[in-house]
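All values derive from a computational prediction rather than experimental measurement. Residue numbers start from 1 in every chain, and the chains themselves are labelled A, B, ... in the order their sequence lines are given, proteins ahead of strands.
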There are 2 protein chains.
Amino acid sequence: MTLKIASWNINSVRARAPIVERLLDEEQPDILCLQETKVMDGIFPGDLFRSRGYVHQLLNGQKMHHGVAILSRVPLADHGKHDWQDNGEARHVGARLPGGLRLENVYIPAGGDVPDREKNPKFGQKLDFVERMTRWSEKLAEPTLIVGDFNIAPLECDVWSHKALLDIVSHTPIEVEALGRLQDAHGWVDLGRRHIPAPERNFTWWSYRAIDWAASDRGRRLDHMWCSPEIAERTRSHRVLESCRGWERPSDHVPLILEIDA
Amino acid sequence: MTLKIASWNINSVRARAPIVERLLDEEQPDILCLQETKVMDGIFPGDLFRSRGYVHQLLNGQKMHHGVAILSRVPLADHGKHDWQDNGEARHVGARLPGGLRLENVYIPAGGDVPDREKNPKFGQKLDFVERMTRWSEKLAEPTLIVGDFNIAPLECDVWSHKALLDIVSHTPIEVEALGRLQDAHGWVDLGRRHIPAPERNFTWWSYRAIDWAASDRGRRLDHMWCSPEIAERTRSHRVLESCRGWERPSDHVPLILEIDA
DNA sequence: GGCCTCAATG
DNA sequence: CATTGAGGCC
């Protein structure tokens, strides 16, 4: 069975109801992983998805910030929610897919503005978060797919200007190195670059603050899909739906879509 | 010349852009008086009206609350803004119409929840406001039209239940008496009841809090158009556009429309 | 129930 | 620039 899996930092699932419906109608993924749902589980708009067949729902939300969810038309087994930093932030939810693969949906902290552990505690929290994920990855022994908003653009070609962003949180060497250690800890395969090889254009995020996001095109690749090395051969296709950035009332991130034999 | 004059408590002119356009397109009034525009003059959406021919604009707005405006396709002379209570609240703007009539656009304070001068200063402020308008009306010597949200429903048939609202701010005897004195001070003719005689249905406001405003129909007549006695004969028609309450993202008030020979 | 501001966060 | 929610007001 080939599964079609989408991942999207939606920047509020409630504010994005019209366009998440459009995505489901146009792409018909089997599974949708969301980040930044920004809503408590009790008032998650589950009917919106249920009415389209996504009756299997794993939620890990909180009041105002963060929040992740997995919505699926195929049965899922709940595989728990990690709180790697034990701070109560809703940044992960996991599932076991039909066929046995594990699916991990993650929202890594943004890290604030100043790339300095001393001056900006949020930057330290981000690095610590990645470190804890690294420890966790080292012990992982099952074939796993990990997707989400990692808030780090690792390669030079993953940002509109490597030079301009060297000191901008999301592309600093210290973050890139931390992400590299995370990747090595399990031998994670970067599917974004397996299917769209560097230096090909592969942005997943454009700031809201640009007057014309498409014209200035100052994008970054912050969203990722990675898999265990032994299942990399089973991935069939991977796409970044850049056009969604131009939809009505868009998220600043666009959806990623993967097809994989499960 | 017959002038078609509309008055509407719009509850934020910015939030109501789509439906104020619809009102202008459907009714084509010569003059539109707005209350509760909730916007400073500097960022009033004047183009929205200008593009439809309402190039004559008298504004009296403030940051968050209150705010009134007169938008006109026929020339207006500015006739000043009263601040009867000298508290800086933007609750009045006046104009002189072609033909010489005066037009006064007023937003009387709502008065808070508790109908008690001691316990609720806002209730006292409302009564004081009406009193000061009364003193002003006594001295009025010109043919005048006064329109707006008076926040008082004077007659028993002006509310969905006289008994249930006797102790509810907007229909208490003390407010109704104060409004009566204001009316007597100039001999103001209540055009709402001249053209739609009591006890005919004549609500202009339905709470947002009702689940189904039309089904429960707990309306009140809070909005009014009054004129000097010597010009009452010149009014041609008067309507309350109840259907606007059912429009998309409505105001809780509906527009009133008057035709008068000016 | 809806509108407004404001302070966070991204 | 765009979200959320708190608090005030109607």
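For residues 159-170 of chain B, there are no salt bridge (charged side-chain N to carboxylate O under 4.0 Å, His left out) pairs, not counting sequence neighbours. Among residues at least two apart or in separate chains, salt bridge (charged side-chain N to carboxylate O under 4.0 Å, His left out) pairs with a member in residues 148-162 of chain A are A:Asp158-A:Arg193, A:Asp158-A:Arg221.
Atom CH2 in B:Trp247 sits about 18 Å away from atom P in C:dG2, given to the nearest Å. D:dC1 atom P lies 15 Å from atom CZ of A:Arg218, rounded to whole Å. Taking atom CH2 of residue A:Trp206 and atom C1' of nucleotide D:dA2, one finds them 17 Å apart after rounding to whole Å. Summarising the geometry, the separation between CD1 on B:Ile19 and C1' on C:dG2 is reported as 12 Å, rounded to the nearest angstrom. Protein atom NZ of A:Lys126 is 16 Å distant from nucleotide atom P of C:dT9, rounded to whole Å.
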Donor-acceptor pairs under 3.5 angstrom involving side-chain atoms of residues 40-47 of chain B: please list them, not counting sequence neighbours.
{"residue": "B:Asp41", "atom": "OD1", "partner": "B:Gly61", "partner atom": "N", "Å": "2.8"}
{"residue": "B:Asp47", "atom": "OD1", "partner": "B:Arg50", "partner atom": "NH1", "Å": "2.6"}

Nucleotide by nucleotide, nucleotides 3-10 of chain D touches protein heavy atoms under 4.0 Å in the pattern (B base, S sugar-phosphate only, - none) SBSSB-SB
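Residues satisfying the ring pair (Phe, Tyr, Trp, His ring centres under 6.0 Å) criterion with A:Phe150, sequence neighbours excluded, are A:His224, A:Trp226. Residues forming a ring pair (Phe, Tyr, Trp, His ring centres under 6.0 Å) with A:Trp213 (at least two apart in sequence, or on another chain): A:Trp206.
Side chains of A:Asp190 and A:Gln183: no donor on one and acceptor on the other come within 3.5 Å.
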